[in-house]
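Below is one structure, written out as structure tokens; the observations come after it.
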Amino acid sequence: MVKSINFVVLGKQDIASEFGKKGTETDLTLYDRKESDVIKTWVIPSGFPDKIQPLFQAINLAEYVILHVDKLDKFTGEQIIALDLLKKEKGILSHTFEVDESKLDALINGTVVEKYIKVDQDKIKEEMDKLEPLSTDGSSEMVIDHCFDVKGVGTVILGKVTNGKVKQYDNLKLYPAGIDVLIKSIQMHDDPVEESICPARVGLAVKGAKPDEVGRGDVICEEGAVNIKTEIEIDFQKNPFYKSEIAENQGCLVNIGLQIKAAKFTSISPLKLTFEKPIVCKSGQIAIILKPESPTIRILGSGKIK
């Protein structure tokens, strides 16, 4: 059985080209390589720092982090905050010669990044090779990051199996739309397979959904495995670096998994968010509140969904 490991590459993103071959390229760019029976994928948020959204989506696609710091600025700060809020505890940290190590240590103090394995740049690959695949059992579930129409094939969906396994000819649901989909075929690293196990990156040819019915962050899973909501309550913690106040009816963007959805605050204590369109979520999942237009820090805060 082919196994999978997914990394996010942050800081100096171009080091990803040393690890694998470039594949899909949008505001998220993917590199991959197959080594014996393990497929390794590196995702970079190529739309960041212009946009904050790809940063959270890229981190959510990975089990492991590679943070190669080449400067100490507010965007490095945003990446460290994002990793900490999403509780990404497994990673490798390195930096270029221009970076003052004591200042970097002060920046990561008290965050998950403090626990990362610290190495010189030329040792990153060596440390990566020691990392083991991490799998989650349970009912079939996959999160979508890209979707398009392929002539002669139909709707093709790219994403990551986040739970259990997905098998050819499975009848599953596409949420939040609630559409029935049949998995016609599965590819991993351009090779056809009959099933793929979490945390595999896969390409699925599906029947039942058109590309315009599929969005990034949508989930394919067994019926009833996720919640569809237009309002959530979270155990909110404000980012201490975000200085503005929040108020009822104020608008924001919310990141849950790969979804980025517009919402507004309908209550501050407890903190409740109402969405313009339905979202897919689970109790205990982390919701990140963003203010992309903010000239300073763009991460307002976060909390687990109740």
Side-chain angles (χ1 to χ4, degrees), residues 2-71 75-76 79 82-83 86 88 90-96 113 116-117 119-135 142-148 150 156-162 186-193 196-204 216-217 257-258:
V2 179
K3 294 183 174 177
S4 306
I5 304 181
N6 302 288
F7 301 89
V8 59
V9 180
L10 299 176
K12 198 170 188 306
Q13 298 178 2
D14 60 8
I15 63 166
S17 61
E18 297 169 23
F19 307 138
K21 183 179 167 221
K22 188 188 279 190
T24 309
E25 184 178 14
T26 56
D27 56 348
L28 300 175
T29 300
L30 294 141
Y31 294 80
D32 65 4
R33 188 172 79 236
K34 190 172 183 180
E35 296 174 355
S36 61
D37 63 343
V38 178
I39 295 171
K40 293 182 177 176
T41 303
W42 296 267
V43 58
I44 64 170
S46 36
F48 175 85
D50 293 344
K51 290 181 175 179
I52 185 83
Q53 297 93 316
L55 173 64
F56 284 91
Q57 293 172 324
I59 294 170
N60 270 308
L61 278 170
E63 301 93 68
Y64 294 105
V65 179
I66 296 161
L67 175 57
H68 183 53
V69 179
D70 61 342
K71 51 175 130 17
F75 299 124
T76 302
Q79 291 170 86
L83 292 166
L86 290 172
K88 290 291 178 179
K90 300 178 193 303
I92 296 166
L93 174 67
S94 67
H95 62 82
T96 57
V113 180
Y116 290 4
I117 300 157
V119 297
D120 292 333
Q121 182 179 349
D122 60 356
K123 295 279 191 282
I124 293 174
K125 188 175 182 318
E126 194 179 308
E127 282 302 326
M128 268 195 313
D129 290 343
K130 296 176 187 174
L131 299 172
E132 293 289 322
L134 301 171
S135 193
M142 172 188 161
V143 66
I144 297 165
D145 51 63
H146 295 87
C147 180
F148 41 84
V150 175
V156 170
I157 286 170
L158 305 183
K160 175 184 170 179
V161 181
T162 47
I186 307 172
Q187 282 197 342
M188 291 175 63
H189 196 70
D190 296 329
D191 293 324
V193 295
S196 50
I197 293 174
C198 168
R201 268 208 68 77
V202 295
L204 305 180
R216 181 179 290 172
L258 299 195

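- A 4.5 Å side-chain heavy-atom check between L28 and Q57 finds at least one atom pair inside the cut-off.
- Partners of N6 by side chain to side chain contact (heavy atoms under 4.5 Å, CB included), not counting sequence neighbours, listed by chain and number: T41, E63, K160, P199, R201.
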- Would V43 and T29 count as a side-chain contact (heavy atoms from CB on, under 4.5 Å) if you check the C-alpha gap in whole Å, the side-chain angles of each, and the deciding distance to 0.1 Å? CA-CA 6 Å; V43 58; T29 300; over 6 Å; no

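- Side-chain contact between W42 and I66 is present, with at least one heavy-atom pair separated by less than 4.5 Å.
- Among residues two or more places apart in sequence or in another chain, the side-chain hydrogen bond (donor to acceptor under 3.5 Å, both in side chains) test is passed with E132 by none.
- Within the 4.5 Å cutoff, the side chain of L258 has heavy atoms near those of the L61 side chain.
- Note that CZ of F48 and CD of Q13 are 8.0 Å apart. Values are rounded to the nearest 0.5 Å.
- The CE atom of M188 lies 11.0 Å from the CG atom of L204; values are rounded to the nearest 0.5 Å.
- A 4.5 Å side-chain heavy-atom check between I59 and L10 finds at least one atom pair inside the cut-off.
- Paired with S196 under the rule side-chain contact (heavy atoms from CB on, under 4.5 Å), one option of V2, I39, V202 passes, and it is V202.
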Donor-acceptor list for residues 119-128 side chains, cut-off 3.5 Å, not counting sequence neighbours:
| residue | atom | partner | partner atom | Å |
| --- | --- | --- | --- | --- |
| Q121 | OE1 | H68 | NE2 | 3.1 |
| K125 | NZ | D129 | OD2 | 3.0 |
| E127 | OE2 | K130 | NZ | 3.0 |

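- Note: L158 CG to T24 OG1 = 5.0 Å, rounded to the nearest 0.5 Å.
- For D70, there are no salt bridge (Lys or Arg N to Asp or Glu O under 4.0 Å) partners at least two apart in sequence or on another chain.
- Test I15, L67, D14 against V9 for side-chain contact (heavy atoms from CB on, under 4.5 Å) and you get one pass: I15.
- Put simply, the side chain of F56 reaches to within 4.5 Å of the side chain of L86, judged on heavy atoms.
- Atom-to-atom distance recorded for K3:NZ and C198:SG is 12.5 Å, nearest 0.5 angstrom.
- When the salt bridge (Lys or Arg N to Asp or Glu O under 4.0 Å) test is applied to K22, the partners found at least two apart in sequence or on another chain are E25.
- Distance check: I44 CD1 to S17 OG gives 8.5 Å after rounding to the nearest 0.5 Å.
- In terms of the side-chain hydrogen bond (donor to acceptor under 3.5 Å, both in side chains) criterion, K88 has no residue partners (sequence neighbours excluded).
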- Could you go through the side-chain contact (heavy atoms from CB on, under 4.5 Å) check for V69 and S94 one step at a time? CA-CA 6 Å; V69 179; S94 67; over 6 Å; no

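- Taking D191 as the reference, K34 meet the salt bridge (Lys or Arg N to Asp or Glu O under 4.0 Å) condition, with sequence neighbours excluded.
- Taking C147 as the reference, T155, I157, P211, V214 meet the side chain to side chain contact (heavy atoms under 4.5 Å, CB included) condition, with sequence neighbours excluded.
- Proximity of Q79 to L55: side-chain heavy atoms (C-beta onward) are separated by under 4.5 Å at one or more points.
- In this structure T96 satisfies the side-chain hydrogen bond (donor to acceptor under 3.5 Å, both in side chains) test together with E98, sequence neighbours excluded.
- Under the side chain to side chain contact (heavy atoms under 4.5 Å, CB included) criterion, Q187 pairs with D190, not counting sequence neighbours.
- Summarising the geometry of P54 relative to D27, their closest heavy-atom pair is CB-O, 3.6 Å, with the distance given to 0.1 Å.
- Residues P133 and S4 come closest through the heavy atom pair CB-O, 3.5 Å.
- Partners of P49 by side chain to side chain contact (heavy atoms under 4.5 Å, CB included), not counting sequence neighbours, listed by chain and number: F75, R298.
- Between Y64 and I92 there is no side-chain heavy-atom pair separated by less than 4.5 Å.
- Annotation: side-chain hydrogen bond (donor to acceptor under 3.5 Å, both in side chains) contacts of D32 (sequence neighbours excluded): H189.
- Taking 4.5 Å as the limit, every side-chain heavy atom of K21 sits out of range of all side-chain heavy atoms of Y31.
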